[in-house]
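Remarks on the structure that follows.
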Amino acid sequence: MVKRNACVFISGKGSNLKNLIEKSRNYNFPIKINLVICDNEKALGLKYAKLNSIPYIIINTRVSNYENKIINILRKYKISFICLAGYMKILSKRFLQNYKKIIINIHPSLLPKYKGLNTYSKIIKNKEVKTGCTVHHVNEKLDGGNIITKKTFFLSPGDNENSIKLKTQALEYSAFPEAIIKIFRQN
Ligand code: GRF
């Protein structure tokens, strides 16, 4: 099968990147990860790009035209699909208008609940009985694009931010690949 050239954007640990790299080795998985973009030279997740010989670019987001640089790099690598996996910068309206291909993001809550940061503490504060993760298309509204997949679990009485994070991320590792398969099944 002809796979799409994909780029994963990260800022930190990169466990979703690691998982997507593993899944994309499957012959039938619709994307190949050709590039990693990262805004943090100390991000632990960069090791997965290195270990798998995937080109990675560290972007200095303190310069004003950094998004233009990203667009040029994406063109150079013929990237037609972007996965945001713990990328902590918000893509500007201009970026989204320039890059007209598919961009998806994974978020650690059941959207539309708890957009933005500090999701786990908000979940505890609001005494939720269930939570999970959501994979969605990226548009101009923060965590507001069309939802592709959600996965849910019920909270236990002893849960804290750390245990919720572990349980949420365990679900992310099946939700993200499933969402990608779903997108290409529809096309
Ligand atoms: C994930 O939990 C994701 O939902 C959120 O950022 C986290 C990234 O984790 N957007 P990792 O860097 O993939 O380990």
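Numbers here are sequence positions counted from 1. Ligands are counted one by one from 1 in listed order, and the atoms in each one are counted from 1 as well. Everything numeric here is computed off the predicted structure, so don't read it as measured data.
A side chain to side chain donor-acceptor pair (under 3.5 Å) with Asn52 holds for exactly one of Glu22, Lys47, Arg25; it is Arg25.
Protein heavy atom nearest atom 6 (O) of ligand 1, with residue, atom name and distance: Gly86 CA, 3.4 Å. Ranking the protein heavy atoms by distance from atom 12 (O) of ligand 1 puts Gly14 N, 2.7 Å first. Nearest protein heavy-atom contact of atom 10 (N) of ligand 1 is Ile106 O, 2.9 Å. Regarding atom 9 (O) of ligand 1, its nearest protein heavy-atom neighbour is Gln169 NE2, 3.1 Å. When hydrogens are left out, the protein atom nearest atom 14 (O) of ligand 1 is Ser15 OG, 2.5 Å; that is the closest non-hydrogen contact. Protein heavy atom closest to atom 1 (C) of ligand 1, with residue, atom name and distance, is Glu172 OE1, 3.2 Å.
When only modelled atom types and interatomic distance are considered, Tyr66 and Asp39 share no side-chain donor-acceptor pair under 3.5 Å. Inspection of the Asn19 and Lys23 side chains reveals an N or O donor paired with an N or O acceptor under 3.5 Å.
The two atoms that bring Leu46 and Asn40 nearest to each other are CD1-O, 3.8 Å, heavy atoms only.
Relative orientation of the Phe95 and Phe9 rings is perpendicular, given thresholds of 30° and 60° on the angle between their planes.
By the 4.0 Å heavy-atom criterion, Ile10 is excluded from the residues contacting ligand 1.
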Checking side chain to side chain contact (heavy atoms under 4.5 Å, CB included) for the pair His137/Ile183: CA distance, chi angles, key distance, verdict? CA-CA 10 Å; His137 287 279; Ile183 289 169; 4.2 Å; yes
